[in-house]
J.: 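So that we are looking at the same thing, I have put the structure below in structure tokens.
It should be emphasised that the depicted structure is a prediction, and the values quoted were computed from it without experimental measurement.
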Amino acid sequence: MKDPKRYLVTSALPYANGPLHIGHIAGAYLPADIYVRYLRLKEKDVAFICGSDEHGVPITLRARNEGVSPQKIVDKYHEINKKAFKDLGIEFDIYHRTSDPLHHQTASDFFLTLYEKGEFIEKEEEQYYDEKEQQFLADRYIVGICPKCNYDNAYGDQCEQCGTSLSPKELIDPVSALSGNKPQLKKTRHWYLPLDKYQEQWLEDWIDSHRDDWKANVYGQCKSWLNQKLQPRAVTRDLEWGVPVPVKGTEGKVLYVWFDAPIGYISATKAWADAHGKDWEKYWKDKDTSLVHFIGKDNIVFHCLIFPSMLNAHGEYILSDNVPANEFLNLEGDKLSTSRNWAVWVNEFVKEFPDKIDVLRYTLAANFPEQKDNDFTWKDFQTRNNNELVAVMGNFVNRALVLTKKYFDGKVPECSELTDYDRDILSRAATIKEDLENSIENFKFREAVKIAMDMARLGNKYLADTEPWSLYERDIGRVQTILNVSLQITASLSIIIEPFLPFTAERLRNLLNISKLNWELAGKLDILGVGHEINKPKHLFQKIEDETVEKQVEKLKEARRKKEQEAQGIQPAKENVGFEDFSKLDIRVGEILEAERVPKTKKLMKLAIDTGLDQRTVVAGIAEQFNPEDIKGKQVSIAVNLEPKKIKGIQSQGMILMAEDSEGNLTFLSPGNETQKGAVVK
RNA sequence: GGCGAGAUAGCUCAGGUGGUUAGAGCGCAGCAUUCAUAAUGCUGAGGUCGUGAGUUCGAGCCUCACUCUCGCUACCA
């Protein structure tokens with residue numbers, strides 16, 4: 001959108017059950033902050049919205065595990081994350097939260113509007129219900145044996161042992177995590193958002209219309225989902241923690257967290273507008289507002305397909321102008337992982353490097369994963385600091401200030417006649433400002449940060465080329481002009497680095513003894529008046545020693561090692577069963593006669609087995625680790641009296657027994673020496 | 001397997017609508033310089049632009065096939 005009347009900028013709502021790491025920051029928060037700080041310097045009307053996403057099952061589960069209320073959990077992380085943002089200089093206009101009554105009201109109203117317009121589909125279906133606790137069980141609240149790896153503590157949505165995603169009905173011997181009882185299937189009613197209908201009606205066209213102005217990864221991801229055809233998506237679920245469904249007779253139902261979370265942007269805007277005497281509706285409903293969502297790539301489908309569907313179904317809202325989603329940031333060559341404890345946590349960084357916040361901002365911005373996944377390394381952090389911030393920017397500012405102090409007692413000297421070269425430098429400064437505008441407005445922040453640094457490079461070049469120190473004896477007038485120009489460049493610098501390095505910008509303003517200036521002054525010659533007195537020069541940045549970053553890398557590896565050791569445990573034994581139960585299983589020694597991969601699958605192998613009783617076909621998930629030729633003629637153990645099941649259209653009559661270690665490596669259970677086919681294993 | 005994104009200098013990455021000698025920063029080599037936290041400036045070496053075909057007068061950019069990496073997705077009795 002060209003020159004909108006106002007901007008509404010959102011950053012993905014962090015989920016309030018854990019702290020933030022640099023991957024989050026690089027993905028959705030720092031880019032947004034840079035963008036917004038720029039807009040503010042241009043005195044644009046902008047609202048920068050964020051807050052905690054505080055509903056959903058993982059929070060309730062965590063609360064239960066820790067024996068506290070969900071509210072206690074979200075209160076804790078809301079404060080931690082709010083502080084983390086503040087410490088990083090990420091200045092939202094409001095950091096709201098979805099457990100706030102205003103949000104409940106807003107989300108509730110939103111649902112009701114769609115409900116009354118008849119946008120939803122109503123469906124009744126069977127779900128597991130815990131009689132004792134009198135409630136339906138969320139996927140996560142159902143525990144059972146994983147049908148894949150037999151892990152006996154698998155959740156209804158996923159097995160943590162083997163990583164397979166599951167649905168509750170697939171679990172063997174499901175048990176309620178609440179009461180420990182066996183849950184019953186019971187009918188329940190839910191509402192669905194007909195995304196398939198929207199896809200046909202307008203959504204796909206809308207996405208297509210953004211083929212050229214949205215980033216390739218964003219557009220591509222959307223198309224990928226659309227190609228697979230969107231399905232109606234449940235808007236409500238049976239759970240206590242969340243926004244209650246505002247319809248009679250729906251006790252125990254809340255809005256699905258994916259539905260209420262993005263509405264959090266709206267309620268946060270309301271809260272902000274209320275507090276500042278603004279009209280929130282202008283920001284959400286006026287066509288002249290540019291709505292921009294900053295997110296990580298994992299959130300693309302929600303912000304580009306689902307949330308717009310909700311807004312459009314409601315009817316009064318504008319849709320997003322752009323969704324500049326970033327890819328993922330890696331750390332020291334490995335992907336960031338909370339569970340493997342491979343991360344740089346914001347709260348820890350802030351504690352250890354309170355004076356290096358801008359160094360982190362700079363390093364992250366220079367490495368934003370804008371087009372593809374990118375790597376953060378501590379070595380790079382050090383290099384960027386020492387070779388760029390210290391050597392180029394800090395050094396230039398220091399040179400200009402020290403020379404001024406030395407020659408003119410800290411007062412801005414007069415600017416007399418400009419040479420062609422001076423003019424050339426100044427026009428290049430003006431160009432830098434324009435290039436910077438272009439980059440930021442097109443969400444190219446890596447490029448922008450580089451251009452900002454060019455201002456300092458320009459200053460260094462100017463000093464090197466004009467050599468005021470060698471002119472001082474013979475042409476003091478010229479020296480005055482040179483330093484005046486140099487100081488104007490430092491003043492420009494203080495403006496243009498503000499979006500990226502806000503703390504440094506402030507320090508620089510203090511050195512120059514000026515207040516915050518409007519963006520348009522950048523590149524101008526008359527920012528500092530003649531005779532204006534600057535403060536005593538001080539270094540903007542300090543060098544970082546090798547051992548400092550080596551220590552950080554060591555700390556990372558140590559944390560990971562610890563975590564790995566914790567995780568290496570052998571699966572605990574299952575409950576005892578009677579001999580009767582055991583003897584129900586019929587396991588035989590069989591021989592693999594034929595083996596071939598099932599086409600169009602990654603893991604499946606079709607095996608012909610001679611069981612001694614008969615020849616039969618078995619499908620097994622072993623194709624990733626074995627070649628068909630290598631296993632022909634092998635004697636294996638096979639469960640022969642399992643109910644046959646069709647897999648990928650092939651009738652599988654039995655199951656090959658495999659030993660699986662903690663890393664998922666498979667080994668056949670074969671007899672120690674060749675034996676009779678059909679021999680009974682017992 | 002399907003879909004999407006990526007593969008460009010030693011490293012991290014840029015390369016609107018195809019057009020003459022493919023760019024930046026860092027690293028490396030040489031020169032200059034001393035106001036500055038041995039910081040700065042200039043110059044230079046370094047690339048068969050994943051592989052193989054094709055379209056075109058001309059392709060890093062377009063088409064097809066293939067390889068590798070990452071993500072989503074299906075199968076896992």
J.: Expressed as a whole number of angstroms, how long is the span from A:F445:CZ to B:rA14:P?
T.: 15 Å
J.: Tell me, please, which residues at least two apart from A:R616 pass salt bridge (Lys or Arg N to Asp or Glu O under 4.0 Å).
T.: A:D614
J.: For A:E467, I'd like to know if atom CD has over 12 heavy atoms of other residues, nucleotides or ligands within 6.0 Å.
T.: yes
J.: Using the C1' atom in both, what is the distance from B:rA53 to B:rG47, to the nearest Å?
T.: 23 Å
J.: In this structure, how many angstroms lie between the P atom of B:rG4 and the CG atom of A:D208, rounded?
T.: 13 Å
J.: If you measure from the C1' atom in B:rC3 to the same atom in B:rU20, how many Å do you get, rounded?
T.: 40 Å
J.: Report the residue (A:E327 or A:K297) whose heavy-atom-nearest nucleotide on RNA chain B is the more 5′ of the two.
T.: A:E327
J.: Taking protein heavy atoms under 4.0 Å as touching, what does nucleotides 35-40 of chain B look like 5' to 3' if B marks base contact, S marks sugar-phosphate-only contact and - marks none?
T.: BBB-SS
J.: Is it the case that the side chains of A:E327 and A:N217 hold a donor-acceptor pair, with the cut-off being a distance below 3.5 Å and no angle test?
T.: yes
J.: Tell me what A:Q221 touches on the nucleic acid: a base, only sugar-phosphate, or nothing, going by heavy atoms under 4.0 Å.
T.: sugar-phosphate
J.: Taking B:rU63 as the reference, what is the distance to B:rC76 when you measure between their C1' atoms (whole Å, please)?
T.: 38 Å
J.: Rounding to an integer number of Å, can you tell me how far A:D465 CG sits from B:rU43 P?
T.: 10 Å
J.: Rounded to whole angstrom units, what separation is found between the CD atom of A:Q371 and the P atom of B:rG6?
T.: 8 Å
J.: Tell me whether B:rG15 sits syn or anti, counting syn as a glycosidic angle within 90° of 0.
T.: anti
J.: Please check if atom CG in A:D420 has more than 12 non-hydrogen atoms from other residues, nucleotides or ligands closer than 6.0 Å.
T.: no
J.: Find the distance A:D586:CG to B:rA77:P and express it as a whole number of Å.
T.: 19 Å
J.: Could you check whether A:K297 pairs with A:D373 (Lys NZ or Arg NE/NH1/NH2 to Asp/Glu carboxylate O, under 4.0 Å)?
T.: yes
J.: Report which part of the nucleic acid A:Q653 touches: base, sugar-phosphate, or nothing (heavy-atom distance under 4.0 Å, all strands).
T.: nothing
J.: Calculate the interatomic distance between A:F368 atom CZ and B:rA24 atom C1'; express it in whole Å.
T.: 18 Å
J.: Of A:K450, A:E447, A:R446, which is the lone residue that meets side-chain hydrogen bond (donor to acceptor under 3.5 Å, both in side chains) with A:S439?
T.: A:E447
J.: How long is the gap from CG on A:L463 to CD1 on A:I425, to the nearest 0.5 Å?
T.: 9.5 Å
J.: Reckon A:E388 touches a base, only the sugar-phosphate, or nothing at all at heavy-atom distances under 4.0 Å?
T.: sugar-phosphate
J.: Are A:D380 and A:R384 close enough for a salt bridge, meaning some N to O gap below 4.0 Å?
T.: yes
J.: Describe the nucleic acid contact of A:V301 in one word from base, sugar-phosphate, nothing, applying a heavy-atom distance below 4.0 Å.
T.: nothing
J.: According to a 3.5 Å limit on both distances, what stems of 3 or more consecutive Watson-Crick or G-U pairs are formed with RNA chain B?
T.: B:1-7 with B:67-73, B:10-13 with B:23-26, B:28-32 with B:40-44, B:50-54 with B:62-66
J.: Can you tell me, in whole Å, how much space there is between the C1' of B:rA22 and that of B:rU69?
T.: 24 Å
J.: Could you tell me whether A:E545 atom CD has more than 12 heavy atoms of other residues or ligands within 6.0 Å of it?
T.: no
J.: Whole angstrom is fine here: how far is it from NZ in A:K215 over to C1' in B:rA5?
T.: 11 Å
J.: If you only use heavy atoms from C-beta on, which nucleotide in B:rG6, B:rA14, B:rA77 is closest to the side chain of A:E447?
T.: B:rA14
J.: Could you give the CG-to-P distance, from A:L642 to B:rC76, as a whole number of Å?
T.: 14 Å
J.: Of A:S470 and A:L458, whose nearest nucleotide on RNA chain B comes first from the 5' end?
T.: A:S470
J.: Does A:R211 come within less than 4.0 Å of A:D208, counting only side-chain N to carboxylate O?
T.: no
